[in-house]
Amino acid sequence: MPSHTSKRPVMLITGGSRGIGAAIARGAATDYDLVLNYHTSGDAAERIAVELRTDTCRVEPMPADVADEAQVLEMFAAAEETFGRLDVLVNNAGIAGGYGPLDVVTGPMLNRLWAVNVTGAFLCAREAAARMRTDRSGHGGSIVNVSSRAATLGSPGEWVHYAASKGALDTMTIGLAKELAPVGVRVNGVRPGLIESDFHLHAPPGRVERLRPTVPMQRAGTVGDVAAAVLWLVSSAAGYVTGTFIDVAGGR
Ligand code: NAP
C-alpha cells in the first residue's frame, strides 16, 4: 500500500537531475508531484528536490540506470509505494554515445547507446502504461518521449548512431500512441534541436557556437523552450493529441 496517495497528479521524469529534465521538473512543480529519476547525479537531483518541495508539492529523487530492467522495476515500485499513482512519464534520459563519423563507432558504444536511449525508454513506458491504462487499475495518462531533431536530420559526421537511436524512439512513439490510445494513454514526442545544456560536453568544445548560424532563428534553444513543449503535451489542452511530435529547434 502507498504510504500516502498523492492528491495531485504524479509525473516521473527520467534524467530529471540536470538539463532538460530539471527544466521540465521546474515547470511541472506547480501542478504535479514529481519523481526525479537520476543515474549518476544524485546530488543534483537532491538539490532540485529541495528547491521545488513545498507544503503542496512532493518531490522524490529516485535512482535507476534506465538501461537496467531490475533497476527500472525497483524505481517504479518505489514510486508507486511513495505516491500511490502515476499520471505522466517523461522519457528524457539520454546519452550521445560517443562523437564522430562512422569510423569511431564500436559495438560496445552502440550497445550502451541503444540500451539507454531505446531499451530504457521502452522499459519505462511499459511500467508506466501498466499503471496508467484504464483496462487495468489506472485512470489514463500521458507519455512524452524526448527525441531529437537529429532523428530526421541524421547528424552526419557527428552522431549518426545517436540520431538512429532517436529514430527508433520516434517509431516507438508512433506505435505506442496507437496501441495505448484505446486504454487512455497518450504518447507523444518532442524533438529538441540545438539546446544549451551539458549534452554538448560530449562533443569537441564550441559545438553550439559552430552550429548556431545553421539555425534559422540564429540562436540555440534553452532547456525552458523544450520544457514548455513537454508541459503542453501532457496538459489537458492537448487531450486530443497523440502520436505526434513537436520540433523545438528554431526552424532547424
Ligand atoms: P544532459 O544535460 O547531458 O542530461 C542528460 C540526462 O540524462 C541527465 O539527467 C542524466 O542523469 C540522464 N541519464 C543519462 N543516462 C542515464 C541512464 N542510464 N539512466 C538514467 N538517467 C540517465 O542532456 P540534456 O540536454 O538535458 O538531454 C536530455 C534529453 O534531451 C536527452 O534524451 C537528449 O538526447 C535530448 N536532446 C538534447 C539536445 C540538446 O541539444 N541538449 C538536443 C536534442 C535532444 P545523471 O546525470 O543522473 O546520470
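We count ligands from 1, going down the list as the structure has it; atoms in each ligand are counted the same way. Here the structure is a predicted model, which is why all the values come from computation and not from measurement.
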**Study point:** Close N or O approach (Tyr38, ligand 1; < 3.5 Å)
**Key:** no
**Study point:** With Arg58, the side chain to side chain contact (heavy atoms under 4.5 Å, CB included) member among Val10, Leu34, Val35, Thr82
**Key:** Thr82
Point to revise | Heavy-atom nearest neighbour in the protein, as seen from atom 24 (P) of ligand 1, with distance rounded to 0.1 Å | key: Ser197 OG, 3.6 Å
Exercise for review: Consider every N or O of Gly19 and every N or O of ligand 1, then say whether any pair is closer than 3.5 Å.
Suggested key: no
Review point. Which atoms of ligand 1 have any heavy atom of Asn37 under 4.0 Å away?
Key: 20 (C), 21 (N)
Practice item. Could you tell me whether Asp225 and Arg219 have a side-chain N and a carboxylate O separated by less than 4.0 Å? Key: yes
Revision key, fill the gap. Min over Phe199, Tyr162, Trp159 of heavy-atom distance to atom 36 (N) of ligand 1 lands on Tyr162
Revision key, fill the gap. If you compare Thr119, Thr222, Asp65, Thr40 by their heavy atoms, the one closest to atom 48 (O) of ligand 1 turns out to be Thr40
Review point. Hey, what's the ring geometry for Tyr99 with Trp159, parallel, tilted or perpendicular (30° and 60° as the breaks)?
Key: perpendicular
Study note, to complete from the structure: Note: Gly140 and Thr134 closest approach over all heavy atoms is N-CG2, 3.6 Å
Study note, to complete from the structure: Here the pair of heavy atoms bringing Val208 nearest to Leu194 is O-CD2, 3.7 Å
Point to revise | For atom 19 (N) of ligand 1, closest protein heavy-atom neighbour | key: Val66 N, 3.1 Å
Exercise for review: Would you mind listing which atoms of ligand 1 come within a distance below 4.0 Å of any non-hydrogen atom of Ala64?
Suggested key: 19 (N), 20 (C)
Review point. Is atom CG of Asp43 surrounded by more than 12 heavy atoms (other residues, nucleotides or ligands) closer than 6.0 Å?
Key: no
Point to revise | Identity and distance of the protein heavy atom lying nearest atom 38 (C) of ligand 1 | key: Gly193 O, 4.0 Å
Exercise for review: Would you mind listing which atoms of ligand 1 come within a distance below 4.0 Å of any non-hydrogen atom of His200?
Suggested key: 39 (C), 40 (O), 41 (N)
Study note, to complete from the structure: Taking only non-hydrogen atoms of Asp198 and a 4.0 Å limit, the atoms of ligand 1 in range are 2 (O)
Exercise for review: Establish, yes or no, whether the cationic atom of Arg8 lies under 6.0 Å from the six-membered ring centre of Tyr32 and within 45° of the ring axis.
Suggested key: no
Exercise for review: Give a yes or no on whether a salt bridge exists between Arg47 and Glu51, defined as a side-chain N under 4.0 angstrom from a carboxylate O.
Suggested key: no
Review point. For atom 31 (C) of ligand 1, which of Val146, Asp43, Asn92 has the closest heavy atom?
Key: Asn92
Check your understanding: Should we count CE of Met217 as having more than 12 external heavy atoms under 6.0 Å?
Key -> no
Review point. Measuring from the heavy atoms of Met75, does anything fall under 4.0 Å of ligand 1?
Key: no
Check your understanding: Are the charged groups of Glu158 and Arg210 less than 4.0 angstrom apart, N to O?
Key -> yes
Check your understanding: What part of Val226, side chain, backbone, both or neither, has a heavy atom within less than 4.0 angstrom of ligand 1?
Key -> neither
Check your understanding: Will you find, in the side chains of Arg191 and Ser148, an N or O donor that is under 3.5 Å from an N or O acceptor?
Key -> no
Review point. Quick one: does Ala44 get within less than 4.0 Å of ligand 1, heavy atoms only?
Key: no
Review point. Under 3.5 Å, is there a donor-acceptor pair between the Thr173 and Asn145 side chains?
Key: yes
Revision key, fill the gap. Residue, atom and distance of the protein heavy atom nearest atom 9 (O) of ligand 1 read Ser17 OG, 2.9 Å
Point to revise | Carboxylate-amine/guanidinium proximity below 4.0 Å for Arg112 and Asp65 | key: yes
Practice item. Just go through Gly94, Ala115, Ser41, Ala150 and tell me whose heavy atom is the nearest to atom 5 (C) of ligand 1. Key: Gly94
Review point. Per the side chain to side chain contact (heavy atoms under 4.5 Å, CB included) rule, which among Thr5, Asp33, Leu12 passes with Phe83?
Key: Asp33
Point to revise | Closest approach of Pro192 to Ile20 (non-hydrogen atoms, all atoms of both residues) | key: CG-CD1, 4.3 Å
Review point. So is Glu196 in contact with ligand 1, going by heavy-atom distances below 4.0 Å?
Key: no
Study note, to complete from the structure: Closest to atom 12 (C) of ligand 1 among protein heavy atoms sits Gly15 CA, 3.6 Å
Point to revise | Exercise: do Asn37 and Thr14 side chains pair donor with acceptor under 3.5 Å | key: no
Review point. Does Arg149 reach ligand 1 with a nitrogen or oxygen that is under 3.5 Å from one of the ligand's nitrogen or oxygen atoms?
Key: no
Revision key, fill the gap. For atom 16 (C) of ligand 1, the closest protein heavy atom turns out to be His39 CB, 3.9 Å
Exercise for review: Could you find the nearest protein heavy atom to atom 2 (O) of ligand 1 and give me its residue, atom name and distance?
Suggested key: Arg18 NH1, 3.3 Å
Review point. What part of Ala96, side chain from CB on, backbone N/CA/C/O, both or neither, has a heavy atom under 4.0 Å from ligand 1?
Key: neither
Review point. Which ligand 1 atoms, with their elements, are less than 4.0 angstrom from a heavy-atom of Arg112?
Key: 18 (N)
Revision key, fill the gap. Ligand 1 atoms nearer than 4.0 angstrom to some heavy atom of Ile95 are 14 (C), 15 (N)
Exercise for review: Please write down residue, atom name and distance for the protein heavy atom closest to atom 26 (O) of ligand 1.
Suggested key: Ile20 N, 2.8 Å
**Study point:** Nearest-option assignment for atom 22 (C) of ligand 1, heavy atoms, candidates Ala93, Ser165, Ala163
**Key:** Ala93
Review point. In terms of atom number and element, which parts of ligand 1 are under 4.0 angstrom from non-hydrogen atoms of Val116?
Key: 15 (N), 18 (N)
Point to revise | Side-chain ion pair, Glu46 and Arg53, N-O less than 4.0 Å | key: yes
Check your understanding: Hey, does Arg191 sit under 4.0 Å from ligand 1 if you only count heavy atoms?
Key -> no
